[in-house]
Amino acid sequence: MRLILLTSAMLGLELSPFISVLPLGVPLLQYIGLATFLIAAGVSIAMDRWTQRPLYTIIFHPVGIMIMAWCMLRSGVLGRTRRGIIWRGTFYSTQMLRQGTVTGVKD
């Protein structure tokens with residue numbers, strides 16, 4: 001349940017500028033959304049220039065957020081189903097991870 005709430009909050013916060021620009025019948029919301037979108041775009045453009053990355057990466061932001069949310073949900077479901085995680089070919093149970101008893105690695 002925590003993972004679903006965390007993923008929903010992340011999607012809501014990250015995608016809210018894009019969603020609020022849609023014509024939903026609340027004009028003030030559109031203006032706030034547009035301002036937030038422009039600020040986010042400006043920050044992204046400034047970061048792209050500073051890191052010398054191409055400017056077209058700004059259009060992939062919403063896609064990246066949705067992929068990240070899917071990865072979070074998938075890893076949570078797999079961890080719950082397997083009752084642990086598999087990391088580099090070694091299985092670590094949830095109980096071991098919570099107790100902090102993971103000491104060795106598999107060669």
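Excluded from the calculations below are hydrogen atoms, water molecules and symmetry mates; all remaining heavy atoms, backbone and side chain alike, are included.
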Under a 4.5 Å side-chain heavy-atom rule over Ile, Leu, Val, Met, Phe, Trp and Tyr, are I39 and I45 clustered together?
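Cluster IDs for I39 and I45 differ.
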Is it possible for you to say whether W50 and V43 belong to one hydrophobic cluster, with membership spreading through side-chain heavy-atom contacts below 4.5 Å?
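Same hydrophobic cluster.
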Only counting residues at least two apart or in another chain, list the ones meeting side chain to side chain contact (heavy atoms under 4.5 Å, CB included) with [X].
| X | answer |
| --- | --- |
| L78 | R74, R82 |
| L29 | S20, L24, V26 |
| Y56 | P54, F60 |
| M68 | M10, M72 |

Inter- and intrachain pairs under ring pair (Phe, Tyr, Trp, His ring centres under 6.0 Å), touching residues 67-90, at least two apart:
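Listed by first then second residue: nothing to list.
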Residue pairs passing the ring pair (Phe, Tyr, Trp, His ring centres under 6.0 Å) test where at least one lies in residues 24-46, sequence neighbours excluded
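For residues 24-46: F18-F37.
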Tell me which pairs pass side chain to side chain donor-acceptor pair (under 3.5 Å) where either residue lies in residues 4-19, with sequence neighbours left out.
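Counting only pairs at least two positions apart or across chains, the side chain to side chain donor-acceptor pair (under 3.5 Å) contacts touching residues 4-19 are E14-H61.
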Any pair counted as side chain to side chain donor-acceptor pair (under 3.5 Å), so long as it reaches residues 35-49, sequence neighbours left out:
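Found D48-R53, D48-T57.
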In the hydrophobic clustering (ILVMFWY, side-chain contacts below 4.5 Å, transitive), which residues join V77, or is it alone?
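In the cluster with V77 there is nothing else; it is isolated.
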Mind checking who shares a hydrophobic cluster with I86, ILVMFWY linked at side-chain heavy-atom distances under 4.5 Å?
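The other cluster members (ILVMFWY side chains, heavy atoms under 4.5 Å, direct or chained) are F91.
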If every non-hydrogen atom of G76 is compared with every non-hydrogen atom of L3, which pair is closest and at what distance?
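Distance-wise, the nearest heavy atoms are CA-CD2, 3.4 Å.
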Can you find a heavy atom in the side chain of R98 that is under 4.5 Å from one in the side chain of T94?
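A side-chain contact under 4.5 Å exists here.
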